[in-house]
Enquirer: 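Sharing a structure below in structure tokens format, with a few things to ask.
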Amino acid sequence: MSGGGCSVVWFRRDLRVEDNPALAAAVRAGGVVCVFIWAPEEEGPYYPGRVSRWWLKHSLAHLDCSLKSLGTSLITKRSTDSVSSLLEVVVSTGATQLFFNHLYDPISLVRDHRAKEVLTAQGIAVRSFNADLLYEPWDVNDVHDCPFTTFDAFWGRCLSMPYDPDAPLLPPKRIISGDVSRCPSDTLVFEDESEKGSNALLARAWSPGWSNADKALTTFINGPLLDYSYNRRKADGATTSLLSPHLHFGEVSVRKAFHLARMKQVLWANESNKAGEESVNLFLKSIGLREYSRYISFNHPYSHERPLLGHLKFFPWVINQNYFKAWRQGRTGYPLVDAGMRELWATGWLHDRIRVVVSSFFVKVLQLPWRWGMKYFWDTLLDADLESDALGWQYISGTIPDGREFDRIDNPQFRGNSFALVPLSHDERKSLKESTSVVTTRFIWFEGYKCDPNGEYVRKWLPELARLPTEWIHHPWNAPESVLQAAGIELGSNYPLPIVGIDAAKTRLQEALSEMWQHEAASRAAVENGTEEGLGDSSESVPIAFPQDIQMEENNEPARNNPPGTRRYEDQMVPSITTSLVRAEEEETSLELQNLTEETRAEVPTDLIVNQEPRRDMLNQGVFQTTRNNALPPPNAAIGMQHAVEDSTAESSSSTRRERDGGVVPVWSPSSSSYSEQFGSEDNSIGTSSYLQRHPQSHQIMNWRRLSQTG
DNA sequence: TGACAGTTCAT
DNA sequence: TGAACTGTC
């Protein structure tokens, strides 16, 4: 044991000992105290769901075990204020240094900045590291030194950076423990009695913990990766990497995954194995999307609750809690959607393709507000991840520049080939011959035939449809009565009729979109006239509250011991999932968060430590520095007036640059505090979608500074 | 080789 | 829908 002068390593979502830069730096510095602080109330409405807490519990136990074998252990603290608890740990152990790895969700950005400030003020040396990304968000910029606004451009840049992502670090061989005799652990409670039964099933399918994650990675790289491109569209999870929950909790290093996959790619390229090469590209792209979600979150910290494209704030979402309930329960009448929702409920897992199916349906057919769907995913997914889920839902909702176009449920295809007008098959013609119908085409749900061609997935999760022939499995509403009878199905009775017809959905979508554009135009006109500043802003920027039935579903059963601030979905058929507290005062909370975050972004990192280590530490000089509006391209005529005005009033900022390994780390001065985010102009339009070309007035990302003023 | 139709797939 | 790709003449 070493006495004072030890280092505290603050573990969060980096629950591994391998390639953990904060841990490695602490080990090099001498005595180490490892701490995990459980303060879920700090997450506000994003209190972790049942399955997510289950994972965390086991991952922490696993980490503790590894640390014990290396010579120390994991101190756990229950808290409602992470920073205060952190300070207590530092004081009680006599530590002089704090090390942690970066997170990029809005709450962590604020919290970590505060931790740096508070501890630095106490004379503690604070250093933070990149353990979660290939490249830090502020290192990936376009030729104007602005952040990218489309994935393709972003990822293209990542793959052509002048320096490779850091090679993964080996686990420490031994850790000298700091003095924790005056720093006892709290017992952390991650599940209540009622949840234990459901959670027990999870252990059959999943093994949390960093070394299990490492095994999963190796298994995937040496096995399913080869056929990843061929298999990836199938609905069952057997061919995906299954790494996402491990990645969420930082049990596996994304850099290790990247380097291992790249090595395979080189190997397969030498063997002229085209499919293998393509598989690696696709796998790396999915890693890239995860990177991009952090990038978006860092550059637009409101992206989990506001559309990034301004005009979408005028979209009249359908506020229908019965639709929402039917979707959650898997009773929409669309078999693939229902199968997916039931799998999600039962297992906490969904194949990526099915996530796209159920969320597209949610947004485009039911036209429910995407944040409701995102919140439900948050509560139920094993790999719930705020940044990735926000990006996914914004993509599906068409609220990011390269997202799915919203105005495309039109004829006759629903984007993504989900609905297609197809000729009747031979069998169908035959079966319809007896009737007098002259129909020769029909709508089917085409996506179903792509990712579940034989209907096995649907039959697995919807046993009531098990006897329906494959021909009709994805569109039972088209099946002849005789077929339904033979399969024991009575639509509207033991399986629902579609709750919304596709034609009705298309009609409503068109009406809603024209309403949206009208409001958008009116708002813009008002702003340009200077009469009514931001007409419509008052409603636009207030997120639609989560549904009452979630909010009001208090759990009244006294025997249950829910974590504070949780609610239940009582209407679900499967018992015992908890959902997080829905904010009662949504508006205030958002505003507070935004202001806090803005404050964070407006300041220079207070990284006062002189770097002694050669490489990775240098990367951290610019940690959580603010934005780069000093490098914005000239205001574009196509961009709304209010932006031009803001640009003209924006303070110019100065920056200095430091050389690092051929790269450059920006260090921003306090004068770069004004934040004005906008899209580049046409000349900057790498990957600009046709949608935006058709609607240049919408070619802007919602300005977050204005939001915080008007929200 | 090149024009053209059919196809596939979107981050 | 439309860009990129495939196959045919």
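Computation of the quantities below employed the complete heavy-atom set of this structure, encompassing side-chain atoms and omitting hydrogens, waters and symmetry-equivalent molecules.
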Enquirer: Rounded to the Å, how far apart are A/D352 CG and B/dC9 C1'?
Expert: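 Taking CG of A/D352 and C1' of B/dC9, I get 14 Å after rounding.
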
Enquirer: Take the protein atom CD of A/E387 and the nucleotide atom C1' of B/dT11, then report the distance between them rounded to whole Å.
Expert: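 Rounded to the whole Å, the gap is 16 Å.
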
Enquirer: Over how many whole Å does the gap from A/N281 atom CG to B/dT11 atom P extend?
Expert: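 The answer, rounded to whole Å, is 13 Å.
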
Enquirer: When the aromatic ring centroids of A/H246 and A/W55 are compared, is their separation below 6.0 Å?
Expert: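 Yes, ring centres under 6.0 Å apart.
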
Enquirer: Let me know the distance between CZ of A/F283 and P of B/dT11, rounded to the nearest Å.
Expert: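 It works out to 18 Å between those atoms.
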
Enquirer: How close or far is atom P of B/dA10 from atom CG of A/L282, stated in whole angstroms?
Expert: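 For the pair A/L282 CG and B/dA10 P, the rounded distance is 8 Å.
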
Enquirer: Measure from CD on A/Q394 to P on B/dT11 and round the result to the nearest Å.
Expert: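 Value for this atom pair: 16 Å.
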
Enquirer: According to the 5.5 Å centroid and 30° plane-angle thresholds, does A/Y395 stack upon the nucleobase of B/dT11?
Expert: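 Stacked: centres under 5.5 Å apart, planes under 30°.
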
Enquirer: A/E277: which residues meet the side-chain contact (heavy atoms from CB on, under 4.5 Å) condition with it, sequence neighbours left out?
Expert: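 For A/E277 the side-chain contact (heavy atoms from CB on, under 4.5 Å) partners, ignoring immediate neighbours, are A/Q265, A/A269.
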
Enquirer: Once you round it to whole Å, what is the distance between C1' of B/dT11 and CG of A/L159?
Expert: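 Nearest whole value for this atom pair: 14 Å.
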
Enquirer: Hey, is the side chain of A/R353 poking within less than 4.0 Å of OP1 or OP2 on B/dC9, counting only N and O atoms?
Expert: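 The answer is no; no side-chain N or O of A/R353 sits under 4.0 Å from OP1 or OP2.
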
Enquirer: Can you confirm whether or not the ring centre of A/F362 sits under 6.0 Å from the ring centre of A/W393?
Expert: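 For A/F362 and A/W393, the ring centres are under 6.0 Å apart.
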
Enquirer: Can you sort out the partners of A/V318 under side-chain contact (heavy atoms from CB on, under 4.5 Å), two or more places apart, ordered by chain and number?
Expert: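 For A/V318 the side-chain contact (heavy atoms from CB on, under 4.5 Å) partners, ignoring immediate neighbours, are A/N320, A/Y323, A/Q367, A/R508.
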
Enquirer: A/I396 has an atom CD1; how far is it from atom C1' of B/dC9, in whole Å?
Expert: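 Taking CD1 of A/I396 and C1' of B/dC9, I get 14 Å after rounding.
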
